[in-house]
Amino acid sequence: MSVLIFADQAHGKIKKVAFEAVQYGAKVAQQLGVSATALVLGEADSAELEALGNYGATKVLHVADARLNEVEGTVFTKIIAAAADQEAAQVVIFPHNFDGKAVAPRVAARLKAGFVSGAVSLPDTSNGFVVKKSVFSGKAFANINITSPKKVIAIMPNTFALEATDAKAAITAFSPAISDADFRVKVSSVETVSGEVPLTEAEIVVSGGRGLKGPENWGIVEDLAKTLGAATACSRPVADTGWRPHHEHVGQTGLTVRPNLYIAIGISGAIQHLAGVNGSKVIVVINKDPEAPFFKAADYGIVGDAFEVVPKLTAAIKQI
Ligand code: FAD
């Protein structure tokens with residue numbers, strides 16, 4: 001019996017959210033009195049695999065196959081389900097990120113398991129197996145009792161603080177029976193812009209809205225982001241009018257981000273924007289209108305003209 005955790009990697013590095021999933025899975029395993037096994041698909045550094053032990057995995061299954069460096073839903077589902085069978089996993093844990101969203105529901109269907117996505121608590125096993133999840137874009141919580149014998153949980157990123165130990169994990173090669181025919185979609189190339197912090201993984205996000213007046217003014221957003229080592233984001237109209245690329249659009253119809261710090265510049269704070277950012281740990285709003293709705297969701301607010309405030313803020317941070 002075990003808890004199996006899908007430990008997501010990119011370019012050989014285990015993602016922070018995967019460490020969070022492993023730590024969560026190890027705690028669930030402790031609750032159930034079973035072991036915690038992490039599963040890594042694709043090429044990964046051995047030090048990264050070993051680090052999974054620091055967060056509670058007792059065993060790491062590794063499929064060191066370059067064809068798995070990018071997520072492919074069908075084949076990932078097949079391998080994760082095979083690992084769950086081999087490990088007699090009662091619970092399978094995923095991060096609720098782009099990759100987890102692509103695979104977790106399929107694995108749940110394959111294992112005939114009850115599924116909770118976006119979990120924000122450990123299961124309460126005092127009366128069933130109740131997991132709390134965030135619903136209505138973070139406006140409410142639902143407690144879901146998973147009654148099936150097998151269970152799949154996808155945890156909300158940046159919800160569970162990491163606490164590393166010096167525990168070690170045993171790394172074991174895992175060789176599932178897969179062939180080229182299992183890959184229904186092949187990623188031919190991945191374009192990344194060097195130096196950019198991936199938005200959904202970023203600890204700090206600096207975001208701009210229509211208050212910035214035009215794309216020619218984005219230098220102040222980029223300067224602040226660069227100074228803080230942050231990713232840049234924008235509101236939907238900014239992406240719709242082509243001021244910024246669509247992959248920066250956050251909100252109900254864009255990406256969901258949950259950074260430790262979200263700085264909103266010249267964004268009004270419409271409900272559809274908040275839906276994608278209100279899981280951020282600390283929200284700072286810079287807006288010249290003191291009545292802007294975003295101030296109600298802010299931890300800190302600066303009422304002022306972005307063109308005056310932001311360069312001063314960047315200069316002050318550079319001096320720290
Ligand atoms: P505005 O509402 O125009 O606000 C600009 C703000 O800048 C104002 O508060 C103003 O006071 C301030 N400002 C102006 N000049 C300055 C200055 N010099 N210094 C400082 N502040 C200044 N929106 C999203 O963002 N994401 C979504 O995913 C999304 N999905 C949607 C889905 C649906 C179905 C619908 C109907 C709408 C959606 N929207 C979404 C749009 C949303 O309703 C808002 O229209 C949008 O978020 C507003 O963008 P904004 O705040 O950049 O612009």
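Because only heavy atoms are used, hydrogens play no part in the values below, and waters and symmetry mates are left out as well, while side chains stay in. One-based numbering, in listed order, for ligands and for the atoms of each.
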Just so I know, are the side chains of Ile146 and Phe115 near enough to count as touching, which here means a heavy-atom distance under 4.5 Å? no
Does the pair Asp124 and Ser126 meet the rule for a side chain to side chain donor-acceptor pair (under 3.5 Å), with working shown? CA-CA 6 Å; Asp124 177 356; Ser126 60; 2.7 Å; yes
Please report the shortest heavy-atom distance between Gly304 and Ile286, naming the atom on each side. O-CG2, 4.4 Å
Between Tyr24 and Thr159, is any pair of side-chain heavy atoms under 4.5 Å apart? no
Counting C-beta onward and ignoring hydrogens, is there a side-chain heavy-atom pair between Leu39 and Phe174 closer than 4.5 Å? yes
With the threshold set at 4.0 Å, does a side-chain nitrogen-carboxylate oxygen contact exist between Glu222 and Lys226? no
Strictly under 4.0 angstrom, heavy-atom based: which residues surround ligand 1? Gly209, Arg210, Gly211, Lys213, Ser235, Arg236, Pro237, His249, Val250, Gly251, Gln252, Thr253, Gly254, Gly266, Ile267, Ser268, Ala270, Gln272, His273, Asn287, Lys288, Asp289, Gly304, Asp305, Ala306, Phe307
